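Presented below is the structure to which this report refers.
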Amino acid sequence: MENEKAKILVCEDNTALSGVVCFNLVRAGFKVTSVSNGRLALDALEKDTFDLVLSDQQMPMMTGIQLCESLRQLPTHRRTPFILLTAKCMEIDFPKLKEKLGISAALPTPFSPNELVNCIEETLAAHCQ
């Protein structure tokens with residue numbers, strides 16, 4: 001899948017981090033929609049389809065894991081790749097989340113823009129196989 005055709009939903013409540021993430025993803029050629037919490041993400045997912053969802057774990061109203069659980073209930077997004085951004089990578093059981101919810105990757109924060117783009121590209125490539 002070419003980047004310019006990949007639509008990514010970014011769910012991040014930290015405005016500064018969201019801006020940096022979105023800037024780098026657009027610069028890498030992705031189409032990006034950004035929301036600030038899980039409820040807004042679900043609204044966006046019900047209205048449109050996305051090739052990948054990128055979500056912070058620690059957010060008000062709904063965690064990234066809760067968002068992924070809700071996402072998996074939507075018929076159009078049961079298999080959508082999902083990347084979790086978290087400062088608490090050591091505290092989550094990624095293998096269990098991968099098996100239970102199909103979370104594609106957990107990226108520890110802080111991360112470099114190159115790490116983020118590489119993770120997304122690898123996830124999209126694996127999903128297309």
Side-chain angles (χ1 to χ4, degrees):
M1 172 179 297
E2 294 179 29
N3 288 355
E4 62 268 18
K5 294 182 182 173
K7 289 173 33 180
I8 299 176
L9 177 62
V10 175
C11 186
E12 171 60 63
D13 63 313
N14 179 308
T15 307
L17 182 55
S18 178
V20 169
V21 166
C22 291
F23 172 81
N24 283 286
L25 295 182
V26 169
R27 192 175 80 177
F30 297 106
K31 293 180 184 177
V32 179
T33 299
S34 178
V35 295
S36 60
N37 66 58
R39 296 208 193 283
L40 293 173
L42 286 177
D43 290 344
L45 288 159
E46 288 174 354
K47 294 175 187 169
D48 201 356
T49 58
F50 293 89
D51 299 303
L52 184 137
V53 176
L54 178 70
S55 177
D56 183 23
Q57 165 56 8
Q58 294 179 271
M59 295 182 294
M61 292 194 245
M62 181 182 289
T63 68
I65 292 170
Q66 290 168 331
L67 171 60
C68 189
E69 289 171 337
S70 296
L71 172 87
R72 297 302 181 226
Q73 301 303 312
L74 300 173
T76 55
H77 287 290
R78 285 200 176 115
R79 295 180 33 85
T80 300
F82 191 99
I83 297 175
L84 189 65
L85 304 176
T86 181
K88 298 187 175 193
C89 240
M90 300 303 283
E91 296 176 24
I92 64 169
D93 185 349
F94 178 68
K96 182 179 177 182
L97 292 174
K98 185 173 183 170
E99 181 182 326
K100 180 182 174 191
L101 297 173
I103 291 180
S104 307
L107 192 62
T109 55
F111 50 83
S112 76
N114 286 340
E115 282 179 299
L116 176 62
V117 170
N118 289 339
C119 182
I120 289 171
E121 288 175 344
E122 288 170 8
T123 299
L124 290 170
H127 184 71
C128 289
Q129 293 178 353

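Because the structure is predicted, anything quoted here is derived from the model rather than measured.
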- Query: Do you know the tightest heavy-atom contact between Lys98 and Ile103?
  - Reply: CG-O, 3.5 Å
- Message: Rounded to the nearest 0.5 Å, what separates atom CG in Leu71 from atom OG1 in Thr76?
- Response: 8.0 Å
- Task: Would you indicate whether the side-chain heavy atoms of Asp13 and Asn37 approach each other to under 4.5 Å?
- Result: no
- How many angstroms lie between atom CG of Leu84 and atom CD of Gln58, to the nearest 0.5 angstrom? 9.5 Å
- Measure the CD-CG distance between Glu121 and Leu52 for me, rounded to the nearest 0.5 Å. 11.0 Å
- Task: Tell me whether Leu85 is reachable from Val26 by hopping between hydrophobic residues (I, L, V, M, F, W, Y) whose side-chain heavy atoms are closer than 4.5 Å.
- Result: yes
- Task: Evaluate whether atom CZ of Arg78 has more than 12 neighbouring non-hydrogen atoms of other residues, nucleotides or ligands under 6.0 angstrom away.
- Result: yes
- Query: Quick check: does any side chain N or O of Asp56 sit under 3.5 Å from a backbone N or O of Met59, one acting as donor and the other as acceptor?
  - Reply: no
- Message: Quick check against the 3.5 Å criterion: does Asn118 have a side-chain atom that pairs as donor or acceptor with the backbone of Asn114?
- Response: yes
- Query: Can you check side chain to side chain contact (heavy atoms under 4.5 Å, CB included) on Thr33 and Asp48, steps first, answer last?
  - Reply: CA-CA 10 Å; Thr33 299; Asp48 201 356; 5.6 Å; no
- Beyond-backbone contact of Leu74 with Glu46, side-chain heavy atoms, under 4.5 angstrom: yes
- Do you know which of Ser36, Ser55, Ser18 makes side chain to side chain contact (heavy atoms under 4.5 Å, CB included) with Cys11? Ser55
- Note on the structure: On a heavy-atom basis, the closest approach of Phe50 and Ala44 is CE1-O, 3.7 Å
- Apply the test side chain to side chain contact (heavy atoms under 4.5 Å, CB included) to residues Leu101 and Glu69: give CA-CA distance (whole Å), side-chain angles for both, the deciding distance (0.1 Å), then the verdict. CA-CA 7 Å; Leu101 297 173; Glu69 289 171 337; 3.6 Å; yes
- Message: Test of understanding: clusters of I, L, V, M, F, W, Y form through side-chain heavy atoms closer than 4.5 Å, transitively. Do Phe30 and Phe111 belong to the same one?
- Response: yes
- Query: Quick one: does Ile8's side chain get under 4.5 Å of Ile120's, heavy atoms only?
  - Reply: yes
- Item | From Leu45 atom CG to Gln73 atom CD, the distance as rounded to the nearest 0.5 Å | 13.0 Å
- Sub-4.5 Å side-chain heavy-atom contact between Thr80 and Arg72: yes
- Is the side chain of Asp51 donor-acceptor paired with the backbone N or O of Lys7 at a distance under 3.5 Å, no angle test? yes
- Query: Hey, are the side chains of Val117 and Leu25 touching, using non-hydrogen atoms and a 4.5 Å cut-off?
  - Reply: yes
- Query: How far does CG of Asn24 sit from CZ of Arg27, to the nearest 0.5 angstrom?
  - Reply: 5.0 Å
- Message: For the CD1 atom of Ile83 and the CG atom of Leu124, what is their distance to the nearest 0.5 Å?
- Response: 7.0 Å
- Message: Using a 3.5 Å distance criterion without hydrogens, assess whether the side chain of Gln57 forms a donor-acceptor pair with backbone atoms of Ile65.
- Response: yes
- Item | Step-by-step side chain to side chain contact (heavy atoms under 4.5 Å, CB included) determination, Phe82 to Leu97 | CA-CA 11 Å; Phe82 191 99; Leu97 292 174; over 6 Å; no
- Please walk me through it: do His127 and Ser104 pass side chain to side chain contact (heavy atoms under 4.5 Å, CB included)? CA-CA 9 Å; His127 184 71; Ser104 307; over 6 Å; no
